[in-house]
Trainee: 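Here it is, the structure in full.
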Amino acid sequence: MKKLLLLLLIATSAMAGGSDPVSQAVAFNKWYVDQIDKNNFPITDDKTIDKYVTAATMQKLRRTQDPDYDGVFYSADFFLKAQDIGEDWPGHVTAIAGDTDPICVNVYVAFGEKQNHIVSDCMVKENGSWKVQSVTSLQFTRNL
C-alpha cells in the first residue's frame with residue numbers, strides 16, 4: 001500500500017509539471033549525506049543547499065550560525081535528525097513512502113542498507129520547485 005501511494009504521488013506530481021517531491025527529497029538527502037561524509041557543512045559552505053531547502057528555513061538555520069545567536073541549538077543535524085551519519089548511508093538513501101496533508105507532501109526517507117534510520121521531509125513548492133520546509137524524525141524510543 002505504501003509503495004502504491006508513493007507511485008501515486010510521483011505520477012500526480014509529474015502530471016502537474018516540474019520535478020516531483022519524492023525525487024527532489026531523495027536527491028537532496030543523497031547530496032546532503034555526501035556533503036557531510038566529505039566533512040562539508042552545507043548550511044554555510046555555499047548556496048547549493050538553497051535549491052533544495054525553502055528560503056525561510058535557510059534564513060532561520062543560517063541565523064543560528066551568527067556569533068550573537070542566543071536561541072535554541074539543536075543536539076542533532078537538522079536535516080538528518082542524527083548526530084552522525086552511518087557508514088552505509090552514502091549510497092543508501094531511499095524514499096519508502098509518502099503522504100500529503102494541507103501543509104506539505106511528506107516524503108519518508110530511509111538511510112542505510114537496512115533502512116533503520118527514517119525521517120520525514122515536509123516538501124513544499126517554492127518558486128516552482130519542490131523544497132524541504134522541515135524534517136521530522138520517525139525513530140521513537142519507548143520508555144516502559
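In this chain, numbering begins with 1 at the start of the sequence shown.
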Trainee: For atom CD of Q115, decide whether the heavy atoms of other residues, nucleotides or ligands shown that lie under 6.0 angstrom number more than 12.
Mentor: yes
Trainee: Looking at every non-hydrogen atom in both residues, tell me the closest pair between K131 and K51 and how far apart they are.
Mentor: CE-O, 3.8 Å
Trainee: Would you call the rings of F79 and F28 parallel, tilted or perpendicular if under 30° counts as parallel and over 60° as perpendicular?
Mentor: perpendicular
Trainee: Just so I know, are the side chains of S23 and W130 near enough to count as touching, which here means a heavy-atom distance under 4.5 Å?
Mentor: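 No, too far: nothing below the 4.5 Å cut-off.
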Trainee: Output yes when a side-chain donor or acceptor of D45 lies under 3.5 Å from a complementary backbone atom of N40, and no otherwise.
Mentor: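 No; judged by distance alone, with no hydrogens or angles, the pair does not exist.
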Trainee: Checking the side chain of E126 only, and the main-chain atoms of A55 only, is there a donor and an acceptor separated by less than 3.5 Å?
Mentor: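 Yes; judged by distance alone, with no hydrogens or angles, the pair exists.
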Trainee: Testing the basics here: between V93 and V33, what is the closest heavy-atom pair and its distance to 0.1 Å?
Mentor: CG2-CG2, 4.4 Å
Trainee: Calculate, to the nearest 0.5 Å, the distance between atoms NZ and NE2 belonging to K114 and H92 respectively.
Mentor: 11.5 Å
Trainee: What are the two closest heavy atoms between I103 and C122, and how far apart are they?
Mentor: CG2-SG, 4.5 Å
Trainee: What distance do F78 atom CZ and I43 atom CD1 have between them, rounded to the nearest 0.5 Å?
Mentor: 8.0 Å
Trainee: First locate atom CZ of F111, then atom CG of N116, and finally report the distance between them rounded to the nearest 0.5 Å.
Mentor: 11.0 Å
Trainee: Any chance you could measure W89, atom CH2, to D37, atom CG, to the nearest 0.5 Å?
Mentor: 11.5 Å
Trainee: May I ask whether I96 and V26 are part of the same hydrophobic cluster, defined by side-chain heavy atoms of I, L, V, M, F, W, Y residues being less than 4.5 angstrom apart, directly or through others?
Mentor: no
Trainee: Side-chain contact, heavy-atom cut-off 4.5 Å: D70 with D68?
Mentor: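 Answer no - side chains too far apart.
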Trainee: If I take atom CG from residue D99 and atom OG from residue S120, how far apart are they, to the nearest 0.5 angstrom?
Mentor: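 The distance works out to 7.0 Å.
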Trainee: Tell me whether Y32 is reachable from V124 by hopping between hydrophobic residues (I, L, V, M, F, W, Y) whose side-chain heavy atoms are closer than 4.5 Å.
Mentor: no
Trainee: Tell me the closest heavy-atom pair linking D46 and R62, and the distance in Å.
Mentor: O-NH2, 3.7 Å
Trainee: Provide the closest heavy-atom pair for L80 versus N29 in the form atom of the first, atom of the second, distance.
Mentor: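 The pair with the smallest heavy-atom distance is CD2-OD1, 4.3 Å.
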Trainee: Which heavy atom of C104 sits nearest a heavy atom of M123, and at what distance?
Mentor: CB-O, 3.2 Å
Trainee: Step through the shown structure and confirm whether more than 12 heavy atoms of other residues, nucleotides or ligands are within 6.0 Å of CG on N127.
Mentor: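 Open.
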Trainee: Hey, are D34 and K30 close enough for a salt bridge, meaning a charged N less than 4.0 Å from a carboxylate O?
Mentor: no
Trainee: Within this structure, what is the CD1-CE distance for the pair I49 and M58, rounded to the nearest 0.5 Å?
Mentor: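 Reported value, rounded in 0.5 Å steps: 4.5 Å.
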Trainee: Would the number of heavy atoms belonging to other residues, nucleotides or ligands and lying under 6.0 Å from CD of Q59 be above 12?
Mentor: no
